[in-house]
Novice: 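I'd like to ask you about the structure that follows.
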Amino acid sequence: MINITLPDGSIKHFDDTPKGMDIALSISEGFARNCVALEMDGALLDLNQPIEKDAMVRLLTVKDEESLEIMRHSAAHVMAQAVMRLYPEAKLTIGPVVEDGFYYDIDMAPVSEEDFPKIEEEMKKIVNEKVPFIRRMVSKDDALHFFKDDPYKQELISELQDGTISLYQQGDFTDLCRGPHVPHTGMIKSFKLMKVSGAYWRADQTRAQLQRIYGTAYFDKKELASYLHILEEARKRDHRRLGVQFDLFSFHDVAPGMPFFHAKGMAIWNALLDYWREEHRAAGYVETKTPIMLDRNLWEKSGHWENYRENMYTSTIDDFDYAIKPMNCPGGMLLYGTRRHSYKDLPIRAGEIGLVHRHELSGALSGLFRVRAFHQDDAHIFMMPDQIQEEILGVLRLVDRIYSTFDLGFHLELSTRPVKSIGTDAAWDMATHGLKSALNAYGKDYVINEGDGAFYGPKIDIHIKDAIGRTWQCGTIQLDMSLPERFDLSYIGKDNEKHRPVMIHRVIYGSVERFFGILIEHYAGKFPLWMAPVQAVILPMNDDLIDYSEQIRKDLEKSGLRIDMDARTESLKKKVREAQIQHIPLIITLGEKEKESGTLSVRTLDGTVRYGISQKDLLEKALTHIRSRRSDLIQV
RNA sequence: GCCGAUGUAACUCAGCUGGUAGAGUAGCUGAUUCGUAAUCAGCAAGCCAACGGUUCGAUUCCGUUCAUCGGCUCCA
C-alpha cells in the first residue's frame, strides 16, 4: 500500500503504485483535467510516472507557475515532431524553454516565417490527436543506437552520465528528454511560432549553423492574445520608431552605428547631463575630460592593444600609430599621474562624459541600444583600501537617487573572480570583501555570479527594470586591480611611503545613448516635463494674435521654458491634436479673451483645460515641477 | 562577422507571373480666421539602396556590395 500526502495534509491510500493521474482522479475528474505534472520531494514528475513509495505530493495545475514551462517544453516537442513530419531529413538538437516561450535548434535547410503556417498546421493536428507523452527509460547504449542517425543527439547522450536515460514518445515521435511533460498533446492549446534565426551548435562559430525556430505557448487563448498585445505595445514604443516620429535622432549609412542627434534629441540629452552634473557635484565628484585619440604606446601600456585591438579604430599619422579610445580609463590614469597625491587627497572622484568608439560587429548594431560611438558617464575613484566600502556605498546611493528620478527599479549582481584572472588571492579577497561589505551595508538583496567578474577585478552590475518590465544592465561598478599597477600610480601615506591606490570605474547611465533609448521606451515618448524637448507650445487662435503670442512666448522662454509657437493658419482642433500627439506637456491657447484679460488657457496632457491662468502662476508651477524633476504629469 | 528577412516620395506602406510607379500623412500654394485630438481644394515630390548580369526591355529575375530588422556571438 502506498500513502500519498497532499499539501493540505490529507492522505490518500492506494493499493498498488499509483500514477500522478490516479491521484488527481481520486480528487475529481475536473481537477485531473487541469493537472499538468506533480512535484514530489522537490522534483517534478510526469502524471504518467508511477510512484513507488510513500510520498508528499503536490499536483501542479495549469494555474501553477512551473506548469507553463512544462507545457512549453512539451510544445517544443510537438513542434519538433511537426518539423520532422514535414522535413524528414532534419536533425534535431536541443529544444529548451526560454523566458517568453521555447525554441528548438534544428539542423535543416533554412526555413523562413512563410513556412510557419504549415508547421503550425501540422502542430495543430498533433495537438488535436491528444496523444499521450510516454516516458521510457533506456540504457545509454540503447539510446545511442536509437539516435544513430542524429549526430547531435549522439553527442548529447555520450556526455550524459552512465545509467538509464529517459526518452519521451508521443505517437510516432520520440525525443531524448529529461522531462517532465504534460500528460498529452491536447494540453497545448494556444501556441504560435514567433521567429526563426540561425544559431550555432553549442554556440560555437566553427560548428554547424542550425535553424532556431522560436515559439510561444499558453494554456489560455486570452493569455496568448495578451502577450501578442504586449509585443505590439513594445513595438509601438520602439525608440527607433519614436526617434523618427519625435525628430530626436537619426542614423545614416555613412556612419553605421553612430547616431546623429537632432535639436530635440539634444534638448533631452542636455537635460539628462545637467541633472547628472548636479547630482555628481553634490556627491563630491569633479569633472574631467580626456582626448579621444591616443598613441599606441598608451594602449600597449594599458593592455588594450593586446586584449581589445579588434574592437578599436586605429589610424597612422606621421608614422605613429594611434587608436580612438574604446574606454576612458587610460586617459584617467594619466590625469591621476600628473602630480603627486597625498593620502589626504583621497578619495578622488573624477567623472568624465567620455566619447568612446568600439567597432562592434555589424550584426550587433541596434538603434541606440547597440552603437559604435557612445558616451559613457564614467568616473574613476581613487582611494585607499580602507575606503572601499564607504566609496562603493556612496556610488550605490547615487545610483539609487538617479534611477529613482526616472522611476526605474533596479537590482544588483555581484560578479566574483573568474578562472582567468590576474592579481593575488589576497588582493581579490580584499576587493571582493570590500564590495560585499558595501552591498551588505547598503542592505538591498543582490545576486552573486561566481566567476563572472572581469579578469582585472570583481564588479557590481546594476540592472534596471523599465515601465513594461524589461530589464537592462546600465550601471556597473568595477574594481580594477590592474591599471594602477600598469601605470604605477601611487599616493604618499601617513608613513611618508608610496602606496598603491585602489581604483574603481563606474558608470550609472552606462552609455548615455543607450540610456536615452531606454528612457524613450520607458516613457513611450511621453517625457516628464523636465526632460521634454518642447515643454510648452503656444497656439494662437487666429493670425491677428500672432504678434501678441510671440511676445508671450519670448517672455516664457526668457524664464527658462523650452517653448514653441504653432502659428500656422490651421484650426485650433488640429493644432491641439498635433501638440497632444507630440506629447507637449503644456499646450497654451491664446484667443481674444486671453489677450483682453492678460491670462492664458492651458491644456495639459491628461486632457484637462484650465482657463484664466496668469502667466506668473503657470511659470511658478512649471518651474517648480521642472526643478524638482517630477515624473508625473504637470497640472496647472 | 554568421544565418534569415527587408530596402519603392520626408514618413508609413500598395505595386499578381518583367512593358520605367501609386495611396495616406507630412510639404508647398490658395481659400477658410476657426475656442481645445484631423477645414477644404489644388500642386509638387521617387536613378524603386548601389553596382554588375540575363533580356528587345528590369522596381520586378540572377549575382555582388552597402544598410536596416530578427536572432547567434558580444556587450555600455
Novice: Roughly how far apart, to the nearest Å, are A45(B) and A9(B) at atom P?
Specialist: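 Pairwise P distance, A45(B) against A9(B), rounds to 15 Å.
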
Novice: Base, sugar-phosphate or nothing for Glu594(A)? Non-hydrogen atoms, less than 4.0 Å.
Specialist: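 Result for Glu594(A) = base.
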
Novice: Once salt bridge (Lys or Arg N to Asp or Glu O under 4.0 Å) is applied, what residue pairs with a partner in residues 570-581 of chain A remain, sequence neighbours excluded?
Specialist: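 Passing the test, one end in residues 570-581 of chain A: Arg568(A)-Glu578(A).
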
Novice: Expressed as a whole number of Å, how far does the C1' atom of U20(B) sit from that of U55(B)?
Specialist: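 The same atom, C1', in both gives a distance of 15 Å.
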
Novice: Between G30(B) atom P and Asp543(A) atom CG, what is the distance in whole Å?
Specialist: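 Rounded to whole Å, this separation is 12 Å.
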
Novice: Return the 5'-most residue of the pair Lys593(A), Arg235(A) with respect to RNA chain B, ranking by each residue's nearest nucleotide.
Specialist: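 Nearest-nucleotide comparison on RNA chain B picks Arg235(A).
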
Novice: How about Asp632(A) and His625(A): does a side-chain donor come under 3.5 Å of a side-chain acceptor?
Specialist: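 Result is yes, a qualifying pair exists.
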
Novice: Any ring-ring contact (aromatic ring centres under 6.0 Å, His included) involving residues 198-218 of chain A? Give me the pairs, sequence neighbours left out, ordered by first then second residue.
Specialist: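 Of all non-adjacent pairs touching residues 198-218 of chain A, those that pass ring-ring contact (aromatic ring centres under 6.0 Å, His included) are Tyr103(A)-Tyr214(A), Tyr152(A)-Trp201(A), Tyr218(A)-Tyr227(A).
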
Novice: Of all of residues 519-528 of chain A, which get a heavy atom below 4.0 angstrom from RNA chain B, listed by number?
Specialist: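 Residues of residues 519-528 of chain A that come under 4.0 Å of RNA chain B do not exist, since none gets that close.
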
Novice: Could you work out the separation of G18(B) and U54(B) based on their C1' atoms and round it to a whole Å?
Specialist: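 One C1' to the other, the span is 12 Å.
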
Novice: For atom NZ of Lys444(A), is the number of surrounding heavy atoms from other residues, nucleotides or ligands below 6.0 Å larger than 12?
Specialist: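 Result for NZ/Lys444(A): enclosed.
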
Novice: Quantified in whole Å, what is the C1' atom distance between nucleotide G30(B) and nucleotide A23(B)?
Specialist: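 Each nucleotide's C1' atom is 23 Å from the other's.
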
Novice: Return the set of residues passing ring-ring contact (aromatic ring centres under 6.0 Å, His included) with His262(A) (not counting sequence neighbours), or none when no residue passes.
Specialist: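 Residues passing ring-ring contact (aromatic ring centres under 6.0 Å, His included) with His262(A): none at all.
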
Novice: Output a table of donor-acceptor pairs, distance under 3.5 Å, between side-chain atoms of residues 116-123 of chain A and any protein atom two or more places apart or on a different chain; print 'none' if there are none.
Specialist:
{"residue": "Glu120(A)", "atom": "OE2", "partner": "Leu193(A)", "partner atom": "N", "Å": "2.8"}
{"residue": "Glu122(A)", "atom": "OE1", "partner": "Lys125(A)", "partner atom": "NZ", "Å": "3.4"}
{"residue": "Glu122(A)", "atom": "OE2", "partner": "Arg85(A)", "partner atom": "NH1", "Å": "3.0"}

Novice: Roughly how many Å apart are G70(B) and A14(B), using the C1' atom of each and rounding to a whole number?
Specialist: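 Roughly 24 Å separates the two C1' atoms.
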
Novice: Applying salt bridge (charged side-chain N to carboxylate O under 4.0 Å, His left out), name anything that partners Lys526(A), two or more places apart in sequence or on another chain.
Specialist: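 In terms of salt bridge (charged side-chain N to carboxylate O under 4.0 Å, His left out), with neighbours along the sequence ignored, Lys526(A) is linked to no residue.
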
Novice: Rounding to a whole Å, what distance do you find between Ile213(A):CD1 and A5(B):C1'?
Specialist: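 Nearest whole value for this atom pair: 15 Å.
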
Novice: CG of Asp105(A) versus C1' of C3(B): gap in Å, rounded?
Specialist: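 The answer, rounded to whole Å, is 12 Å.
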
Novice: Using a 6.0 Å cut-off, check whether atom CD of Glu89(A) has over 12 heavy atoms from anything other than its own residue.
Specialist: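 Counting other residues, nucleotides and ligands, CD of Glu89(A) stays at 12 neighbours or fewer.
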
Novice: Quantified in whole Å, what is the P atom distance between nucleotide G15(B) and nucleotide G19(B)?
Specialist: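 Result for the P pair: 14 Å, nearest Å.
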
Novice: Taking the ring centre of each residue, are His239(A) and Phe516(A) less than 6.0 Å apart?
Specialist: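 Not close enough - the centres of the two rings lie 6.0 Å or further apart.
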
Novice: Listing request: all ring-ring contact (aromatic ring centres under 6.0 Å, His included) pairs with a residue in residues 561-608 of chain A, at least two apart in sequence or in separate chains.
Specialist: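 Counting only pairs at least two positions apart or across chains, the ring-ring contact (aromatic ring centres under 6.0 Å, His included) contacts touching residues 561-608 of chain A are Phe246(A)-His583(A).
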
Novice: So Trp299(A) and Tyr308(A), ring-ring contact (aromatic ring centres under 6.0 Å, His included) or not? Walk me through it.
Specialist: CA-CA 9 Å; Trp299(A) 301 110; Tyr308(A) 207 72; 9.2 Å; no

Novice: Treat a base pair as Watson-Crick or G-U wobble with both distances under 3.5 Å, then lay out RNA chain B in dot-bracket form, 5' to 3', with | for cross-strand pairs.
Specialist: (((((((..((((.....[..)))).(((((.......))))).....(((((..]....))))))))))))....

Novice: Would you say the side chains of Ser601(A) and Glu594(A) form a donor-acceptor pair under 3.5 Å?
Specialist: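 Yes, a side-chain donor-acceptor pair sits under 3.5 Å.
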
Novice: List in chain and number order the residues that pass salt bridge (charged side-chain N to carboxylate O under 4.0 Å, His left out) with Lys192(A), two or more places apart in sequence or in another chain; answer none if no residue qualifies.
Specialist: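 Residues passing salt bridge (charged side-chain N to carboxylate O under 4.0 Å, His left out) with Lys192(A): none at all.
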
Novice: Answer yes if the side chains of His375(A) and Glu513(A) hold a donor-acceptor pair under 3.5 Å, and no otherwise.
Specialist: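 Judged by distance alone, the side chains do pair up.
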
Novice: For atom P, what is the distance between U12(B) and G52(B), given to the nearest Å?
Specialist: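 Roughly 28 Å separates the two P atoms.
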
Novice: Would you kindly give the CH2-to-C1' distance between Trp201(A) and C3(B), to the nearest whole Å?
Specialist: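 Checked: the CH2 to C1' distance equals 17 Å.
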
Novice: Return a single string for nucleotides 37-52 of chain B, one symbol per nucleotide in 5' to 3' order, where B is base contact, S is sugar-phosphate-only contact and - is none, cutoff 4.0 angstrom on heavy atoms.
Specialist: BBB-------------

Novice: How would you label the contact of Glu592(A) with the nucleic acid (heavy atoms, under 4.0 Å): base, sugar-phosphate, or nothing?
Specialist: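 Answer is base: heavy atoms of Glu592(A) come under 4.0 Å of a base.
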
Novice: Using ring-ring contact (aromatic ring centres under 6.0 Å, His included) as the criterion, list what pairs up with His252(A), not counting sequence neighbours.
Specialist: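 ring-ring contact (aromatic ring centres under 6.0 Å, His included) list for His252(A), sorted by chain: Phe260(A).
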
Novice: In whole angstrom, give me the gap between the P atoms of G1(B) and G57(B).
Specialist: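 Their P atoms lie roughly 35 Å apart.
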
Novice: Quickly work out the Gln211(A) CD to C2(B) P distance and round it to whole Å.
Specialist: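 Gln211(A) atom CD is separated from C2(B) atom P by 16 Å.
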
Novice: Mark up nucleotides 65-76 of chain B, 5' to 3', with B wherever a protein heavy atom is under 4.0 angstrom from a base atom, S wherever such an atom reaches only the sugar-phosphate, and - elsewhere.
Specialist: --SSSBBBBBBB

